[in-house]
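Step one of this worksheet: look at the structure below.
The shown structure was predicted, so the numbers you read here are calculated from the model rather than taken from an experiment. So you know, we letter chains A, B, ... as the sequences are listed, proteins then strands, and number each from 1.
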Amino acid sequence: MTTLTKADPTPPADRTDGAGAGAAPMVQVRGLHKSFGRLEVLRGVDLDVPAGSVTVVLGPSGSGKSTLLRAINHLEKLDRGHVAIDGELIGYRRSGDRLYELKEREVLRQRTGIGFVFQNFNLFPHLTVLENLVEAPIAALGRPRAEARAAALALLERVGLADKAAAYPRQLSGGQQQRVAIARALALEPKVLLFDEPTSALDPELVGEVLDVIKDLARSGTTMIVVTHEIGFAREVADTVVFMDGGVVVEQGPPAEVLDRPRQERTRAFLAKVL
Amino acid sequence: MTTSTPAPPSPPRPAPAPGPSPAPGPGLDAAELAGLRTVPARHPWRWAAGAAALVVLLQFLHGLATNPGWDWATFRLYFTADTILQAIGRTLELTAYGTVLGFALGAVVAGMRLSRSAVLRTIAWAYVWVFRSIPLIVQLVFWFNLSYLYKRFGFGIPFGPTFGEFETVGVLGALGAAVLGLGLHQAAFAAEIIRGGIIAVEAGQREAAAALGIPRWRQAWRIVLPQAMRGILPAAANEVISLLKGTSVVYVMAIGELFYQAQVIYGRTGRVVPLLMVATVWYVVLTTVLSIGQYYVERYFARGSRRTPPPGPLHRLRTLLRSLPVRTDARAGARTDARTAVRTPGGTP
């Protein structure tokens, strides 16, 4: 289905924002287009995320933020454009001047390097917290059970839920479930973590505990892309804030610029509404 | 049965001391209301309807006991007769084969209907369409007469050489035809039930499994199917019970299952009603056993679905037994101190 026949030119290497200055960005997004029927959701999105940096994507609903995130780990097939993580094309293999579409098995392997945290957690309700965490390392990476278990318990400790290993997801609060979901994504030791509105389904008093876990990850140098409506979180944690509207990136830069001195009228209008 | 009867006009209780909570609105005197006697609402028509239903039921039971036509002596004679017990074995055998073949093939057909291949989807749809359309009894007779259509049955390369051949009559006797008919019929219904269970699993579950890179087979086995089982089981249990009773249709092929055997006996003795009752009671007993099994299987697949899992019936029974001596103690106490016993709330711990 792809119309790509030539690889796009390599991204400019002189970007200086973020921690991975100089090196090739961890996530590179080029010319993404995606339509659902006649609705064009992404209309040419370009994005670079340096290794170890936190990118927060803001924008009104329907602006294509979630679709962008889902396109990055190939949950959503693209109409045009491509995505590379750590230099590896996602969903395609390049051979000479051709791109071969990868089989599902290979896409699944690529996804083990990309952690994804859903708005609705999507924990497996029939498995305990511990089973939720060890499932992918054992099934996808072939880790020995004992090793996966030890790693999972360490991760639960890290998100403050060591005592919930034997609980079932429905026995936990929303905030606890989302922390388990984050630990589950981390269990694969991904190169990059994608968060799709991780606090939107939570009661207001539970938002803080989830954001604290994400902030902790940010400090530890995990590469992250976070779609959220939490402007305060963006200001505090983001290296780069990306503002999207109508399927394109309207404006991007350090939070101090985009949030406090936006150059674009659409950005200003959006911030005036949410702040 | 120490249900609390309306208390005799109790002495007015002392008004509660004014607490720290804010006083309620004017005109509502909590202390005065607490001292009033509460009269429960009465439902005379509910009682009348219940009584009428009971009279009809008693009439029926009385008929069962007194009408000589039921002939309970003959019923007792044949209820555990060897021929009947053997026939039950045959009924169970047909049910088991039909269930295994039906659900195994049904799972394959359901997988084909959910497949990404349009060819497989269409074939599976056509299978369900055809086998749901043909009445079971017509199908059974058809399979029974298969040897008219195909005399020999062989394995080999399609449109090429054949490696081994069998006489159709030899392979597909009456029992084989019955199992094949029951299984193929059952598979069409099982396929739809399994497919229904699978598509009812929230799409986010498969998406989360895909995002974690879990291989496709494992996604189905470990993530989707266990959750689909909750939707599949009640309908599947219906199907197994239908099949158990549906095996009685097989009497047309002169296979010695329960209903056929009952017919053979009443054909010989002329005692139709008691032998129909023998078959009926056995069908009820077998269905009951299956229903109990269903309860426990459903309970297993419901794990994680509730915050606090409910106690099972055995556990409830044990709790009840343990609570019994406590109650007798309470009754013993009632003799010595009536006033205490009246205040003890009945039953519920």
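- Contact detail for Thr287(B) and Leu244(B): the closest heavy-atom pair is OG1-CD2, 3.7 Å.
- Heavy atoms closer than 4.5 Å to chain A are found in the side chain of Arg218(B), but not in its backbone.
- Taking CD1 of Ile214(A) as the start and CG of Leu193(A) as the end, the distance is 9.0 Å to the nearest 0.5 Å.
- Around atom OH of Tyr283(B), more than 12 heavy atoms belonging to other residues, nucleotides or ligands sit under 6.0 Å away.
- Residue with the most contacts toward chain B among Leu127(A), Asn73(A), Asn120(A), Thr112(A): Leu127(A) (heavy-atom pairs, distance under 4.5 Å).
- Using a distance-only test at 3.5 Å, with no hydrogens or angles considered, no donor-acceptor pair links the side chain of Glu101(A) to the main chain of Tyr92(A).
- Residue contact with chain B, scored on non-hydrogen atoms closer than 4.5 Å, involves the side chain of Arg70(A) exclusively.
- At a 4.5 Å heavy-atom cutoff, the contact between Ala209(B) and chain A is made by backbone and side-chain atoms alike.
- Proximity to chain B (any heavy atom under 4.5 Å) is shown, for Leu194(A), by neither the backbone nor the side chain.
- Note: Ala210(B) leads Ala210(B), Pro226(B), Pro215(B) in heavy-atom pairs under 4.5 Å with chain A.
- No donor-acceptor contact under 3.5 angstrom links the side chains of Glu106(A) and Gln110(A), judged on distance only.
- At least one donor-acceptor pair under 3.5 Å links the side chain of Gln178(A) to the backbone N or O of Pro198(A).
- Looking at Phe116(A), the atoms closer than 4.5 Å to chain B (heavy atoms on both sides) all sit in the side chain, from C-beta outward.
- With a threshold of 4.5 angstrom between heavy atoms, Arg230(B) does not approach chain A through any atom at all.
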